[in-house]
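Just below is one structure, and these are the notes that go with it.
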Amino acid sequence: MSKKIQVSTTINGEPTDFLCEPNQSLLEVLRDGLNMTGSKEGCNNGNCGACSVLMDGRLVNSCLVLGAECEGAAITTIEGIATKDGLHPLQQKFLEHAALQCGICTPGFIVAAKALLDKNPHPTEHEVRYWLAGNLCRCTGYDKIIRAVLDVAGA
Amino acid sequence: MQNFEYLKPTTIEQAVAVLYREGDQAKPLSGGTDLIVQLREGRRSAKFVLDVKKIPELSQLTLNADGSVVIGAATPCHQIYGNAAIAAALPGLMDSCTLIGGTAIQGRASLGGNLCTASPAGDSIPSLIAHHAVCVIAGTGGWREVPVEAFCTAPGRNCLQRGEMLVSIKLPAMPAHSGGAYLRFIPRNEMDIAVASAGVTVTLDGDTITAARVAIGAVAPTPLLIDVAGAALVGRSIGDQDAIEACVAAAKAAAKPITDMRGTVEQRVHLVGVMVKRALAKAIERAQAKG
């Protein structure tokens, strides 16, 4: 067992310190250490996007980030997307468009779509499809997801 | 994942000292999109992982007054294409940076990592070659520079010696009336590994091509610079079909692909010719648009 590393971060706006093994991914820290199980493990190799989080505002696969790399970073997970007043518009539109079935990919899609809309509030369908190319869904099919995102963007 | 010690050097000297002491049991970590997967799957082993992103030279992105560019080995793709001036200066490389993986991969993946992984299909490498890029390498024995076309030596292998680390990639300014492009063939629209690819840069004087550089990927153990393919275009008109066919033929002749799950030898040789032809047309179009 290696020596644990102490890491200071901000997660969903809350200052959060954690201890992790050098070989633990951010995804493992979130799920197993901090009991934030909204981010999902799909492929664990950067293909599926189910573990998508924002790191300093930038979309990343948390399975491909070491917990130790997060010192000083601001992390946003699916748990930080809704406000105390209610669901985020993306969450609301995913429900209205039935843009999910099993739901495993949904947190990743919502975090990734939020990253897009934060940067580009009115993307084209083409831009939405390319931006979300790293998020895989194996049951709904992508159309409803794309329609939900475009609805939020007012397209 | 296997156990290792996580180190965060802040200077090149600290990093190369560990790389020399530990040899191949020390691995530099930039974006981790290859290394973390390989460590997790047991395809590589390490006792020490060196997060090199806190070393300023490895995280730089510099556009010099003379138009040349220096990109830190660990600088992520999104930062490169997010810089409008650099994106405009290096059009072929921007094609590569915007199609490596999906958005989340581009948030972390670096050109240094793409080079050091040394995949025959690495999407940034033909573009870097076409743009005359040079690798800046630091070691316990001093510094050296290696042209990108000589950096990869075999699938998964590069020219770095014990105690050496890729620090940055230097790209000269493109002359006036120049353009570049990178294209790859994949069986879907996004998120796949190239079956064949080509990076091309050209410089024009009116309708005459005065310089051209052609590199191909995924059709040999390493990405290749094809000097004769570029030479076939120099001094010829942009509409000279004989010159274009000679360039394409030279690239196809240099291709030495294998048959695997992604394509056969015959398909890859054909495709690399198509990619060269289309990338050339796009590079010329961009050179003309720049005026």
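Proteins come first, then strands; the chains are lettered A, B, ... in the order of their sequence lines, and each starts at number 1. Keep in mind the model is a prediction, meaning the values are calculated, not measured.
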Between T16(A) and E14(A), do the side chains contain a donor N or O and an acceptor N or O under 3.5 Å apart?
no
Pick one of side chain, backbone, both or neither for E41(B), based on which atoms fall under 4.5 Å of a heavy atom in chain A.
side chain
Greater than 12 external heavy atoms within 6.0 Å of K47(B)'s NZ
no
S110(B) and side chain to side chain donor-acceptor pair (under 3.5 Å): which partner among S59(B), S124(B), S30(B)?
S30(B)
For V53(A), is it the side chain, the backbone, both, or neither that has a heavy atom closer than 4.5 Å to a heavy atom of chain B?
neither
Please say which of S197(B), S96(B), S127(B) ends up in a side chain to side chain donor-acceptor pair (under 3.5 Å) with Y182(B).
S197(B)
In terms of heavy-atom pairs under 4.5 Å with chain A, which of M1(B), E190(B), H78(B) leads?
H78(B)
For N44(A), which atoms come within 4.5 Å of any heavy atom of chain B: side chain, backbone, both, or neither?
both
What part of L66(A) is in contact with chain B, defined as an atom under 4.5 angstrom from a non-hydrogen atom: side chain, backbone, both or neither?
both
Look up atom OG in S168(B) and atom CD1 in I71(B), then write down how far apart they are to the nearest 0.5 Å.
9.5 Å
With chain B, which of S52(A), A68(A), S25(A), A112(A) has the greatest number of heavy-atom pairs at distances under 4.5 Å?
A68(A)
C152(B) and T222(B) have their tightest heavy-atom pair at O-CG2, 3.6 Å
Which answer fits L29(B), side chain, backbone, both or neither, if we ask what part of it has an atom under 4.5 Å from a heavy atom of chain A?
side chain
Could you tell me which of P76(B), G107(B), G32(B) has the largest number of non-hydrogen atom pairs under 4.5 Å with chain A?
G107(B)
Under 6.0 Å from the CZ atom of R21(B), do we count more than 12 heavy atoms belonging to anything else shown?
yes
For the interface with chain B, which of N135(A), L132(A), V60(A) has the highest count of heavy-atom pairs at distances below 4.5 Å?
V60(A)
